[in-house]
Amino acid sequence: MLIACGDALIDFVPTRNAEGREAVMPAVGGSCLNVAIGMARLGAPTGFVGGVSTDLFGRMIADHATASSVDLGLATRSDHQTTLAFVRIVAGESHYAFYDAETATRNWTYRRGTIPLDTVEALHVGSTTLVNDRGAAETTALIADARAFSTISFDPNCRPNLVKDKPAYLARMAEFAGHADLIKMSDVDFAYLFGDEPYQQRASALLAQGTSLVVVTRGNHGAVAWHAGAGQIEVVAPKVEVADTIGAGDSFQAALLFALHKQGRIARQALKDVGADELRRALSFAANCAGLTCTRPGADPPWSHEVSWRW
């Protein structure tokens, strides 16, 4: 099984009403839930670990996840309210305003012994859950238990407007990166975390500390990856008509993990040994899935029947 641990929320995505005025439409989101949705829709056995409310929006999240074949048996249901995120698109980038005080996601607690970690091939973590102290601590505890069995995937998916102490946040992200076998970040995330440092310089440092694969996604400029054995690999982004970019990075991450799973390269040692051709196919598949997500509003990763791919 592949599992994602982290945020599940409702995005209010921009649209226009019948009179042409700005409006918003609720859509299920949350970076880590999106990754779980994406993996499950492509056909991987997938579970989600995190807090999901029992309120109106929480029921929307649960229905959406179940319809996409995500196992919510590992999630923690509570009567805390659902995190809400309001989205605006500025210069092609999604900007968020979060309402996240005392929510189900914030109150998630890792319940030791409830997750069959010996059956988990990969654990994905990241995003807003890691901003607050409690979420970061609970996720760290889960990673500590899972590392003996599972490949650790990490996407910081930075949300600067939630960060109160940037130096502390940067140190925390570095700590999570130090536990990860696979790190994916957008070019915007990279700039927030590392400023003007060259991609390859930072990737080399991450590989030297034990990470197997580092990927930077660059919107319509495609993605570039570094692997200790396979070297540097660059893939192009498909040309699509963009509705918005919400969930595109999550779709990329989900598709990359699915592709590695499909190729038998998701386990830690298998990922270390992956060949350049296999990795290029996986990255190209991920880029195409992300492109398809961009053609429709909100975080709406593709289903397996929508993606034709030769493995």
Side-chain angles (χ1 to χ4, degrees), residues 6-38 40-42 48 50-70 72 79-106 127-128 157-162 186 188 217 219-220 237-255 287-307:
D7 50 337
L9 52 82
I10 296 295
D11 286 322
F12 285 84
V13 300
T15 185
R16 291 192 179 272
N17 62 20
E19 289 76 38
R21 299 175 61 184
E22 287 190 7
V24 292
M25 174 184 68
V28 175
S31 178
C32 293
L33 180 66
N34 292 340
V35 171
I37 296 289
R41 287 184 176 185
L42 290 171
F48 175 76
V52 178
S53 178
T54 55
D55 67 10
L56 169 67
F57 292 126
R59 292 194 295 273
M60 284 177 59
I61 291 169
D63 290 346
H64 180 71
T66 301
S68 295
S69 298
V70 174
L72 285 184
D79 59 4
H80 294 285
Q81 66 185 12
T82 299
T83 300
L84 306 180
F86 289 80
V87 189
R88 294 206 75 183
I89 310 299
V90 180
E93 287 289 335
S94 300
H95 294 254
Y96 295 82
F98 290 92
Y99 294 81
D100 190 33
E102 297 302 318
T103 60
T105 292
R106 284 248 182 171
S127 197
T128 61
N157 195 39
C158 305
R159 295 290 179 254
N161 57 328
L162 291 178
S186 71
V188 175
T217 57
N220 59 9
K239 296 185 183 301
V240 298
E241 185 172 340
V242 176
D244 63 45
T245 60
I246 298 170
D250 304 327
S251 183
F252 184 102
Q253 184 84 20
N288 277 272
C289 287
L292 183 53
T293 303
C294 290
T295 65
R296 44 216 199 186
D300 189 6
W303 297 78
S304 58
H305 66 266
E306 297 179 291
V307 185

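Judged by distance alone, the side chain of Asp79 and the main-chain N or O of Thr54 form no donor-acceptor pair under 3.5 Å. A donor-acceptor pair under 3.5 Å is absent between the side-chain atoms of Thr66 and the main chain of Asp63, judged by distance alone. Of the possible polar contacts, none joining the Thr295 side chain to the Gly291 backbone as a donor-acceptor pair under 3.5 Å is found. Between the side chain of Thr82 and the backbone N or O of Gly58 there is at least one donor-acceptor pair closer than 3.5 Å. Listed for the Asp7 side chain is a donor-acceptor partner under 3.5 Å among the backbone atoms of Ser31. The main-chain N or O of Ala23 is never found under 3.5 Å from a side-chain atom of Thr15 such that the two would form a donor-acceptor pair. No donor-acceptor distance shorter than 3.5 angstrom exists from the side chain of Asp250 to the backbone of Val35, with no hydrogens or angles considered.
Of all heavy-atom pairs between Ala8 and Leu33, the closest is CB-CD2, 3.9 Å. When all heavy atoms of Gln81 and Asp55 are compared, the closest pair comes out as CA-OD2, 3.4 Å. Summarising the geometry of Val13 relative to Ala27, their closest heavy-atom pair is CG1-CB, 4.4 Å, with the distance given to 0.1 Å. Closest approach of Pro302 to Arg41, counting heavy atoms only: O-CB, 3.4 Å. Pairing each heavy atom of Leu292 with each of Val307, the nearest pair is CD2-CG2, 4.4 Å. Residues Gly38 and Pro301 share a closest heavy-atom pair of CA-CB, 3.7 Å.
Note that OG1 of Thr217 is 9.0 Å distant from CD of Gln253, once rounded to the nearest 0.5 Å. For the atom pair OG of Ser69 and CG of Leu42, the computed distance is 11.5 Å after rounding to the nearest 0.5 Å. Distance check: Asp100 CG to Leu9 CG gives 8.0 Å after rounding to the nearest 0.5 Å. Atom CG in Asn288 sits 13.0 Å away from atom CD in Glu306 (nearest 0.5 Å).
Under the 6.0 Å distance and 45° angle rule, Arg159 counts as a cation-pi partner of Tyr96.
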Point to revise | CA sep, side-chain torsions, deciding dist, call: Glu22, Arg16, side chain to side chain contact (heavy atoms under 4.5 Å, CB included) | key: CA-CA 5 Å; Glu22 287 190 7; Arg16 291 192 179 272; 3.7 Å; yes
Exercise for review: List the steps and the verdict of side chain to side chain contact (heavy atoms under 4.5 Å, CB included) for Val70 and Ile37.
Suggested key: CA-CA 6 Å; Val70 174; Ile37 296 289; 3.8 Å; yes
Exercise for review: With side chain to side chain contact (heavy atoms under 4.5 Å, CB included) as the test, would you mind laying out the steps for Ile10 and Val28 before giving the verdict?
Suggested key: CA-CA 5 Å; Ile10 296 295; Val28 175; 4.0 Å; yes
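Relative ring orientation between Phe12 and Phe57 is described as perpendicular, the plane-to-plane angle rising above 60° on a 0-90° scale split at 30° and 60°.
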